[in-house]
Amino acid sequence: MAYERVLLVDDEEEFIQTLSERMQARGLTVSTATSGEKAIEIAEEKNFDAIILDLQMPGLNGIETLKLMREKNPDAQIILLTGHATVEKSVEAVKHGAVDFLEKPAEINKLMEIIKEASDRKMMLFEKRAEDDIKKIMKAKGW
Amino acid sequence: MSNVNGDSLSVQEKLAFFGMITAGVSHDINNVNAIIRELAGLMEDLFYGAEQTGQLNTDKLKEIVQKIGDQTKRGEKNIKRLNRFSHSVDYPSQNFSLNGLIMDITDLSQRFARLKRITLSLDLPEVDTEIESSPFLLQYLIFSCIELLLETSTEYEKINVSFAEQNGSVSIDITGKISEKGNRFDDRMNMIRKLTNDLSCEFNMKQTEDNRDVLALIISNTKS
């Protein structure tokens, strides 16, 4: 599973630097941001297969960042990573469109699996959208 | 100042403060743990690579070891602070160093300030003061003042904690800038009043010449 593009967002710089290095060693292309605001900026410029967001950050927190990202890009595959997951928070995250919710520290292999699933899901959404567009064109043209 | 009780506060209110502080520290410790775990994973990746290529990047390895050492120190500080905080409920009244207590509660509040993007600083006198009081309630009071300023300040503001001793009394000043009182202001003030009452100390609010807000706690009858 190579070439997946991932955005890692966490205010713990040392954490995202190290995790990013490990993901890159496994063939992923990784961008990083230390705040929700910066992550939104980067996500507007680049396309990602998966976005991994820390829940508690200064300024915009994970849920707020998730909401804004999904408003701008409903197909964004966002995984929340948090120090202490609660049922309440995970329900809130899923309600706002998070595709998964992981507790930190997460096993790298588990994280890689989830990224792969997110990437596959994004591809399916893309293909489905393209198929719908073709069907619309065909219907409009009466083909 | 041994006339201390916590009668105005419910058990739930005391536990809420205890829980808030311990949850904050445990979150920080978890972050340290997560970093160490990733660094250990990175070392594992390096060793795996070395097995394939026969070459080990020792400079990278040294860098990782250094980072693990730094994170361990960060974790130790957090654990020691948490331990002292946990022991602050051992006795209703104890003799303790005011410098140490103010330093600890300011450090324990740093996470909350960071999340609000507010700089929390500390000015301590060179000479320490020992007092007899409830360290738990006094930390709760100082934290409540910091929390009030955190909730009413705008992002990138500064809050400073300082104290000075004069004629046997100590004044702890928590200085910041109240921009908007918000809907929790009255609750926070209520809590501050209850705590000052239980600690038999005085509380007043004043403004500096440059329009900054000072929450001043005056404690009398210090030991030395």
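Reminder, nothing fancy here: chain letters follow the sequence lines and each chain counts from 1. Side chains are part of it too, since the values below use all heavy atoms of this structure and drop only hydrogens, waters and symmetry mates.
Under the 6.0 Å cut-off for aromatic ring centres, Y91(B) and F96(B) do not qualify, their centroids lying 6.0 Å or more apart.
Neither the backbone nor the side chain of E13(A) has a heavy atom closer than 4.5 Å to any heavy atom of chain B.
Of the listed residues Q56(A), Q17(A), K104(A), the one with more heavy-atom pairs under 4.5 angstrom with chain B than any other is Q56(A). Chain A forms more heavy-atom pairs under 4.5 Å with one residue of L39(B), D70(B), N30(B), I118(B) than with any other, namely N30(B).
Between F85(B) and F17(B), the ring planes lie perpendicular to each other; the angle is over 60°, past the 30° to 60° tilted range.
A salt bridge links E92(A) with K89(A): at least one charged nitrogen is closer than 4.0 Å to a carboxylate oxygen. Ion pairing between a basic and an acidic side chain is recognised when a charged N comes within 4.0 Å of a carboxylate O; D75(A) and R129(A) show such pairing.
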